[in-house]
K.L.:
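Have a look at this one.
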Amino acid sequence: SFPATRGQTMETASASPESNKVTGYILRKPDDAPEYIRRDLGNGAWVSVRAITSAELDEITAEVHSLTQDIRAGHAAAVLVASMLAHDVRPDMLENEVYVMSLQERLTRFRVAMRVIGEWEGIYDSDKVALDPKNELHVSLFMLDSAWSQIVAETAYRCVHKVIAEKKG
């Protein structure tokens with residue numbers, strides 16, 4: 001399963017009055033981590049992926065929240081964009097919170113991929129035309145492959161560290 005975004009994690013963070021501590025997650029890149037990691041996809045194909053930062057994840061969470069609100073408000077352009085990028089957007093299902101969470105997860109996965117994929121090789125469409133890793137529609141097609149999507153997610157979130165921070169009183 002896809003790791004929770006920072007916003008989701010912080011919403012579920014717990015505070016204990018007796019310990020006066022808050023538990024949550026932050027994202028950081030270790031000093032010795034390479035900028036991009038090249039991951040083999042099989043059959044000579046590969047993708048280079050870097051870690052996501054907490055600032056980027058905050059921006060993505062806000063973008064996805066805003067897009068979801070626009071879809072719920074019936075903005076046709078938002079439905080079109082989400083349909084192109086996350087596929088299978090059904091405005092009639094927007095009252096179903098489980099459906100909305102699934103849509104937000106797919107949109108977040110896509111937005112993270114757009115930020116962290118550097119380059120790739122051996123990724124083609126059905127006509128054997130090379131796909132561009134900076135093209136949103138091409139990345140969307142790439143992310144339809146669940147194994148490739150998981151590789152991107154695992155690599156992007158490889159620097160998630162649990163922290164315990166003193167609660168500011």
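In this text, all values refer to a predicted model and were calculated from it rather than measured experimentally. Quick note: numbers below take in every heavy atom, side chains included, and nothing from hydrogens, waters or symmetry partners.
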K.L.:
Take V139 and F110 through the side chain to side chain contact (heavy atoms under 4.5 Å, CB included) test and state the conclusion after the steps.
P.N.:
CA-CA 7 Å; V139 172; F110 166 75; 3.9 Å; yes
K.L.:
Using modelled atom types only, decide if a donor and an acceptor are shared between the side chain of K134 and the backbone of G118 within a distance under 3.5 Å.
P.N.:
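Yes, because the side chain of K134 sits within donor-acceptor range (under 3.5 Å) of the backbone of G118.
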K.L.:
Are the side chains of V152 and V116 in contact, using a 4.5 Å heavy-atom criterion?
P.N.:
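SC-SC contact between V116 and V152 confirmed.
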K.L.:
Of all heavy-atom pairs between L94 and Y99, which one has the smallest distance, and what is that distance?
P.N.:
CD2-CE2, 4.1 Å
K.L.:
Distance from D70 atom CG to H65 atom NE2, nearest 0.5 Å?
P.N.:
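Atom-to-atom, D70:CG and H65:NE2 are 10.0 Å apart.
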K.L.:
Do the side chains of L131 and V112 join up, straight or via other hydrophobic residues, at under 4.5 Å, putting them in one cluster?
P.N.:
yes
K.L.:
Has the side chain of T108 got a donor or acceptor atom that lies under 3.5 Å from a matching backbone atom of Q104?
P.N.:
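The answer is yes, because a donor-acceptor pair under 3.5 Å joins these two groups.
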K.L.:
So T155 and R39, side chain to side chain donor-acceptor pair (under 3.5 Å) or not? Walk me through it.
P.N.:
CA-CA 8 Å; T155 307; R39 299 291 307 267; 2.6 Å; yes
K.L.:
What closest approach, in Å, do A45 and I123 show between heavy atoms, and which atom pair accounts for it?
P.N.:
CB-CD1, 4.0 Å
K.L.:
Under 3.5 Å, is there a donor on one side chain and an acceptor on the other for E56 and T53?
P.N.:
yes
K.L.:
Working note: R72 + E97, criterion salt bridge (charged side-chain N to carboxylate O under 4.0 Å, His left out); need CA distance, chi angles, decisive distance, verdict.
P.N.:
CA-CA 12 Å; R72 281 187 161 162; E97 285 303 314; 2.7 Å; yes
K.L.:
Verify side chain to side chain contact (heavy atoms under 4.5 Å, CB included) between Q150 and R109, making sure each step is shown before the conclusion.
P.N.:
CA-CA 9 Å; Q150 188 63 32; R109 217 182 252 240; 4.2 Å; yes
K.L.:
Do M143 and R106 make a side-chain contact, defined as non-hydrogen atoms from C-beta onward lying under 4.5 Å apart?
P.N.:
no
K.L.:
Only one of W120, F142, W46 clears ring-ring contact (aromatic ring centres under 6.0 Å, His included) with W148; which?
P.N.:
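Between W148 and the candidates, ring-ring contact (aromatic ring centres under 6.0 Å, His included) is satisfied uniquely by F142.
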K.L.:
What distance do L67 atom CG and I60 atom CD1 have between them, rounded to the nearest 0.5 Å?
P.N.:
13.0 Å
K.L.:
Tell me whether H75 at atom NE2 has more than 12 heavy atoms from other residues, nucleotides or ligands lying less than 6.0 Å away.
P.N.:
yes
K.L.:
Start with the C-alpha gap between I151 and L41, add the side-chain angles, then the distance that decides, and say whether side chain to side chain contact (heavy atoms under 4.5 Å, CB included) holds.
P.N.:
CA-CA 8 Å; I151 287 170; L41 302 173; 3.7 Å; yes
K.L.:
Quick check for you: to the nearest 0.5 Å, what is the distance between L137 atom CG and D125 atom CG?
P.N.:
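Reported value, rounded in 0.5 Å steps: 12.0 Å.
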K.L.:
Rounded to the nearest 0.5 Å, how far apart are CG of L141 and OH of Y124?
P.N.:
15.5 Å
K.L.:
Let me see the working for V49 and I37 under side chain to side chain contact (heavy atoms under 4.5 Å, CB included), right down to the final yes or no.
P.N.:
CA-CA 5 Å; V49 183; I37 294 177; 5.7 Å; no
K.L.:
Taking D40 for its side chain and G42 for its backbone only, find out whether a donor-acceptor pair lies under 3.5 Å.
P.N.:
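Judged by distance alone, yes, a pair lies under 3.5 Å.
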K.L.:
Report yes if some heavy atom in the side chain of L57 is under 4.5 Å from a heavy atom in the side chain of Y157; otherwise report no.
P.N.:
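Side chain of L57 against side chain of Y157, heavy atoms only: contact under 4.5 Å found.
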K.L.:
Carefully, step by step, assess R111 and E136 under the rule salt bridge (charged side-chain N to carboxylate O under 4.0 Å, His left out).
P.N.:
CA-CA 9 Å; R111 296 305 307 163; E136 289 186 341; 3.2 Å; yes
